[in-house]
Amino acid sequence: MASLSEIVSYTDRFLHVREVGDWDNALNGVQIENSGRVTRIGAAVDVSTRVLTEAQKRDVDLLIVHHGLFWPGLQPIQGALRRQLRLAFENDVALYSVHLPLDIHARVGNNAQLVAALGLKSTQLFLEEKGKPVGIKIRASLPCNELVRKLRKALNGPVKAFDFGPKQTRVIGVVTGAAGSEIYRVADEEIDTFITGEAPHWAAVAAEEVGMNLLLGGHYATEVFGVKALAAHLSKRFKVPWEFIECRTGL
């Protein structure tokens, strides 16, 4: 049996949680403690009533998520938040949430894992946010329609493609999640094909203006990679079983 404090201490160091800046509401690290033991790890993109209920059914006592309890900001403990906290406390579930440190990690990060799933190499970091580069740039020449096919397979779902760039890619940018609003900064990096999760409406117009292929795979779908890879890594290191709790948002 592994201890929560041991796993948390290791994970904080492994992901450089204290060294990577983030938005305040991310509140990276332990958001809820349990009684101190860990017998099964659960991984999910978001914490929610559905996810916590499923964690209870699967006897998960450490839940690792990408988006934690406090994204809406400071709020009274009532309604949904009270329900979520009650589920965690009554079932002795610890919650560990990690946002940007997981997006950008070189081994288990969302970006790195998606790039690997696409079979792309020759990478470099780009697009600084909160003092750290949050994207991966890849020099790769392949038909854009082939890249879309690879992306659909990696995400196991649909891809919304705005084909305003070259039919043969030269430089691909990958930033998982909701980075579509950064399209002009991405274009400044001479990237002709940009893969992200979601984008505002105006980004589709901007893609045509700058002559870029914009590929949207869904915020949720592009961010399942990190929590899965992290949970698998911790499972192997601490000899604790893990499983993924699927709870798609449709975005």
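Just the heavy atoms: all of them, side chains too, but no hydrogens, waters or symmetry mates, feed the values below. Please read all numbers here as calculations on a predicted model, not as lab measurements.
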Item checked: Worked check of side-chain contact (heavy atoms from CB on, under 4.5 Å) between L118 and I172 -> CA-CA 11 Å; L118 293 171; I172 301 167; over 6 Å; no
Answer yes or no: is there a donor N or O on one side and an acceptor on the other, between the side chain of [X] and the main chain of [Y], under 3.5 Å?
X	Y	value
N213	G165	yes
T169	L142	yes
R248	A221	no
S235	A231	no
R149	N145	no
T176	E223	no
T222	G218	yes

Check: Looking at K130 and D22, does any basic side-chain N land under 4.0 Å from a carboxylate oxygen?
Finding: no
Can you see which heavy atom on [X] is nearest to which on [Y], and at what distance?
X	Y	result
I32	L69	CD1-CD1, 3.6 Å
L214	T196	CD1-CG2, 4.4 Å
V93	V60	CG2-O, 3.4 Å
V171	E190	CB-O, 3.7 Å
W71	N25	O-ND2, 3.2 Å
I191	T193	CG2-O, 3.2 Å

Following the transitive rule for hydrophobic clusters with a side-chain heavy-atom cut-off under 4.5 Å over Ile, Leu, Val, Met, Phe, Trp and Tyr, establish whether [X] and [Y] coincide in one cluster.
X	Y	result
L125	V174	yes
V51	V224	no
F164	V159	no
L100	V47	no
V45	L15	yes

Nearest 0.5 Å, please: how far is [atom2] in [Y] from [atom1] in [X]?
X	Y	atom1	atom2	answer
I104	I136	CD1	CD1	10.0 Å
L63	I245	CG	CD1	5.5 Å
N28	W23	CG	CH2	11.0 Å
E19	D12	CD	CG	10.5 Å
E33	D92	CD	CG	10.5 Å
N110	K228	CG	NZ	11.0 Å

Verify the neighbour count for atom [atom1] of [X]: are there more than 12 heavy atoms of other residues, nucleotides or ligands below 6.0 Å?
X	atom1	answer
K160	NZ	no
R86	CZ	yes
R139	CZ	no
Q31	CD	yes

Close side-chain approach of [X] and [Y], heavy atoms under 4.5 Å:
X	Y	value
L230	F14	yes
P241	R40	yes
L234	W242	no
V17	T11	no
R107	H233	yes
I77	R82	yes
D46	V65	no
H66	F225	no

Next item on the list: Determine whether the aromatic ring centres of H219 and H67 lie less than 6.0 Å apart.
Entry: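 Yes; H67 has its ring centre under 6.0 Å from that of H219.
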Next item on the list: Tell me, with the steps shown, if E198 and L216 meet side-chain contact (heavy atoms from CB on, under 4.5 Å).
Entry: CA-CA 5 Å; E198 61 175 313; L216 305 178; 5.6 Å; no
Check: Between N34 and D61, do the side chains contain an N or O donor and an N or O acceptor separated by less than 3.5 Å?
Finding: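 Not at all, the side chains of N34 and D61 share no donor-acceptor pair under 3.5 Å.
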Notebook entry, point to check: Do E246 and Y220 have a side chain donor and acceptor closer than 3.5 Å?
Noted result: yes
Next item on the list: Give the intermediate values and the outcome of side-chain contact (heavy atoms from CB on, under 4.5 Å) for residues V175 and F194.
Entry: CA-CA 8 Å; V175 185; F194 181 34; 3.9 Å; yes
Next item on the list: For R185 and E129, run side-chain contact (heavy atoms from CB on, under 4.5 Å): C-alpha distance rounded to whole Å, both residues' side-chain angles, the deciding distance at 0.1 Å, then the answer.
Entry: CA-CA 11 Å; R185 291 175 64 198; E129 191 68 63; 3.4 Å; yes
